[in-house]
Amino acid sequence: MSTVIEDVIARKVFNSRGEETIEVDVITNSGFGRASAPAGKSRGKAEVVYFPPGGVDEAIKKVEELIAPELVGLNADFQEEIDRTLHEIDSTKDFRVLGGNTAFAVSLANAEAAANSYGIPLFQYLGGYAARELPYPLGNVISGGSHVGGRAPDIQEFLVLPAGAESFSEAAEANIRVHRKVGEFLKRKDKLFNFGKSDEGAWTANITNLEALEILARACEEVSNEVNFNCSLGIDLAASTLWNGKTKKYVYQREGKELDSGEQLEFVRQIVEKYHLAYVEDPFHEEDYESFAELTRKLKGCLVCGDDLFVSNNERLIHGAKMRAGNAIIIKVNQVGTLTDAVETIEAAKRAGYIPVISHRSGDTCDWHIAHLAVAFKCPIIKAGVVEGARIAKINELIRVEEFLGDRAKMAELPIV
Ligand code: PGA
Ligand code: ZN
């Protein structure tokens with residue numbers, strides 16, 4: 001067995017939105033790893049740059065000419081060295097030379113190649129014997145905002161979190177039941193609803209925010225009764241996409257209303273209480289740490305999660321944690337580039353008492369690595385959609401991990417604070 005890297009190969013593939021992306025193979029003396037990069041649509045301003053100016057073609061060239069010559073001969077199990085080398089070759093803070101997605105694909109393919117060389121699953125290679133906790137799947141059921149082209153709610157995502165499930169497969173099935181039921185309710189409400197879905201496989205319907213919440217709440221209640229455990233609601237407002245920096249208002253186009261920061265806080269607080277939300281993501285725009293902190297103080301029993309706010313970035317998290325802005329953080333590895341960067345943020349989050357929520361992107365591939373990262377690094381929640389191929393790839397991988405762990409498998413602790 002040897003983890004010495006023999007070759008690094010890059011190619012152009014497509015994500016679930018049909019956009020070009022990069023896939024990388026890392027080949028060692030006795031193993032192989034492959035990873036492809038996802039892409040977001042409602043991106044945080046502080047995210048790394050996905051690709052160099054020449055796009056995926058230039059990224060592939062960079063792998064061939066700059067990255068592969070440096071990595072060949074190194075040991076794939078020296079992940080930090082591999083990731084440091086990527087930073088050194090790039091030399092910019094936001095990966096604009098190589099592309100953050102190029103770094104992502106190399107970094108993840110490398111981790112898998114190391115695991116594969118040892119003949120063990122990725123989650124065990126990264127997390128060791130003690131890695132045996134399955135995350136709760138947080139899934140998008142109704143889409144709105146920038147994820148939908150036509151008339152839809154202004155809030156970007158209406159989510160389900162099967163917080164009472166005792167196994168991952170039960171949790172995944174409950175989410176699917178909720179998704180299916182919501183589809184039926186939407187059809188009953190609007191004969192013109194034609195079961196259209198967004199990139200993430202969530203329903204797209206001509207309804208308001210409150211109608212979406214009502215329908216989801218009813219579906220969650222019915223499914224909770226059927227499966228005998230609690231399925232809670234969540235939302236992602238992706239509020240940076242609603243924010244008008246000039247007028248300093250959140251613009252709810254569909255509802256024809258504009259809210260200042262105080263009114264936004266009150267609006268979110270009211271719906272959290274009325275619908276017993278367990279999870280609220282990006283309720284304010286990406287620079288408003290203060291409002292995040294205020295809302296976190298005011299809510300009980302609900303996770304307040306920063307996505308565009310933190311962009312998986314250690315420094316931004318540390319800044320936010322000082323003022324207790326939120327109590328959970330979205331981890332999207334391609335917001336920062338490498339696995340090592342993401343792990344640093346996950347560890348910092350745990351030290352600060354924040355819940356790390358590992359997440360897909362709206363444009364994703366059938367790459368399943370985040371499923372293993374959730375188990376390896378004990379992230380109690382994985383946000384990966386409910387249905388649609390790229391989402392199901394992650395869900396099904398966790399079903400396999402649960403099976404692999406057998407009696408040792410247990411659900412993560414889900415501290416809803
Ligand atoms: P994305 O958004 O389109 O940037 O992946 C998903 C999210 O906001 O959580
Ligand atoms: Zn988000």
Side-chain angles (χ1 to χ4, degrees), residues 15-19 21 36-51 100-101 104 137-149 152-161 197-202 204 233-243 250 268 277-288 292 295 302-313 316-317 320 325-337 342 345 349 354-365 367 370 374 379 381-386 388 390-391 393-394:
N15 70 21
S16 55
R17 247 197 307 264
E19 298 159 338
T21 191
S36 50
K41 199 176 238 175
S42 65
R43 297 182 199 172
K45 280 206 198 83
E47 288 192 34
V48 295
V49 177
Y50 283 172
F51 291 111
N101 267 359
F104 170 95
L138 173 68
N140 192 356
V141 182
I142 303 172
S143 274
S146 72
H147 282 179
V148 180
D154 291 308
I155 292 177
Q156 183 178 281
E157 295 167 27
F158 297 83
L159 303 147
V160 55
L161 181 66
K197 289 182 197 160
S198 67
D199 290 343
E200 296 190 356
T204 58
L233 282 76
I235 50 173
D236 179 1
L237 289 102
S240 292
T241 62
L242 302 173
W243 179 245
Y250 292 96
V268 175
L277 299 191
Y279 178 91
V280 174
E281 185 177 322
D282 280 352
F284 305 100
H285 72 83
E286 58 207 319
E287 300 302 341
D288 192 359
F292 265 84
L295 183 69
C302 178
L303 294 173
V304 178
C305 187
D307 173 10
D308 294 344
L309 178 74
F310 296 130
V311 291
S312 310
N313 179 299
R316 289 181 72 95
L317 171 72
N327 49 31
I329 173 174
I330 284 280
I331 302 289
K332 294 166 168 167
V333 182
N334 83 325
Q335 285 180 326
V336 277
T345 309
Y354 278 58
I355 304 294
V357 177
I358 199 117
S359 171
H360 68 159
R361 303 299 310 245
S362 54
D364 214 306
T365 69
D367 191 294
I370 63 164
C379 300
I381 302 178
I382 183 168
K383 188 183 182 208
V386 180
E388 193 279 321
R391 328 291 141 192
K394 284 104 176 133

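Residue numbers count from 1 along this sequence. When a ligand or atom number is given, it counts from 1 through the structure's own listing order.
- A salt bridge links E286 and K45; the closest N-O separation between the charged side-chain nitrogens and carboxylate oxygens is under 4.0 Å.
- Put simply, the side chain of D236 never gets that close to the backbone of E157: no donor and acceptor are under 3.5 Å apart.
- Heavy-atom proximity to H147, at under 4.0 Å, picks out these atoms of ligand 1: 1 (P), 2 (O), 3 (O), 6 (C).
- Atom CG of residue D308 and atom NE2 of residue H285 lie 11.5 Å apart, to the nearest 0.5 angstrom.
- Nearest protein heavy-atom neighbour of atom 8 (O) of ligand 1: Q156 NE2, 2.9 Å.
- Checking D282 against the Zn ion (ligand 2), every N/O/S atom stays at or beyond the 2.8 Å cut-off.
- Of all N, O or S atoms in D307, the one lying closest to the Zn ion (ligand 2) is OD2.
- Here the CD1-CG distance, from I235 to N140, works out to 12.0 Å after rounding to the nearest 0.5 Å.
- Ranking protein heavy atoms by distance to atom 2 (O) of ligand 1, first place goes to S42 OG, 3.1 Å.
- Atoms of ligand 1 lying under 4.0 Å from any heavy atom of D236, numbered from 1 in the order shown and given with element: 7 (C), 8 (O), 9 (O).
- The pair E287-R316 meets the salt-bridge criterion, with a side-chain N (NZ, NE, NH1 or NH2) lying under 4.0 Å from an Asp/Glu carboxylate O.
- The name of the N, O or S atom in D236 nearest to the Zn ion (ligand 2) is OD2.
- Not one N, O or S atom of D308 sits under 2.8 Å from the Zn ion (ligand 2).
- To the nearest 0.5 Å, the span separating CD on E281 from CG on L159 amounts to 7.0 Å.
- For ligand 1, none of its N or O atoms has an N or O atom of E47 under 3.5 Å away.
- Protein heavy atom closest to atom 5 (O) of ligand 1, with residue, atom name and distance, is S362 N, 2.8 Å.
- Residue E281: an N/O/S atom is found under 2.8 Å from the Zn ion (ligand 2).
- Every atom of ligand 1 is numbered from 1 in the order shown, and the set under 4.0 Å from a heavy atom of E281 is 9 (O).
- Atom 9 (O) of ligand 1 has K383 NZ, 2.8 Å as its closest protein atom, hydrogens excluded (heavy atom only).
- Side-chain N or O atoms of S16 include one that pairs as donor or acceptor with a backbone N or O of D364 at under 3.5 Å.
- With distances taken over non-hydrogen atoms, the option nearest atom 6 (C) of ligand 1 out of K41, K332, R361 is K332.
- Of all atoms in ligand 1, listed by their number and element, those nearer than 4.0 Å to a heavy atom of D307 are 7 (C), 8 (O), 9 (O).
- The backbone N or O of G40 sits less than 3.5 Å from a side-chain atom of Y50, completing a donor-acceptor pair.
- Ring geometry, Y354 versus F310: the interplanar angle exceeds 60°, so the pair is classed perpendicular (tilted spans 30 to 60°).
- A donor-acceptor pair under 3.5 Å links the side-chain atoms of T345 to the main chain of S312, judged by distance alone.
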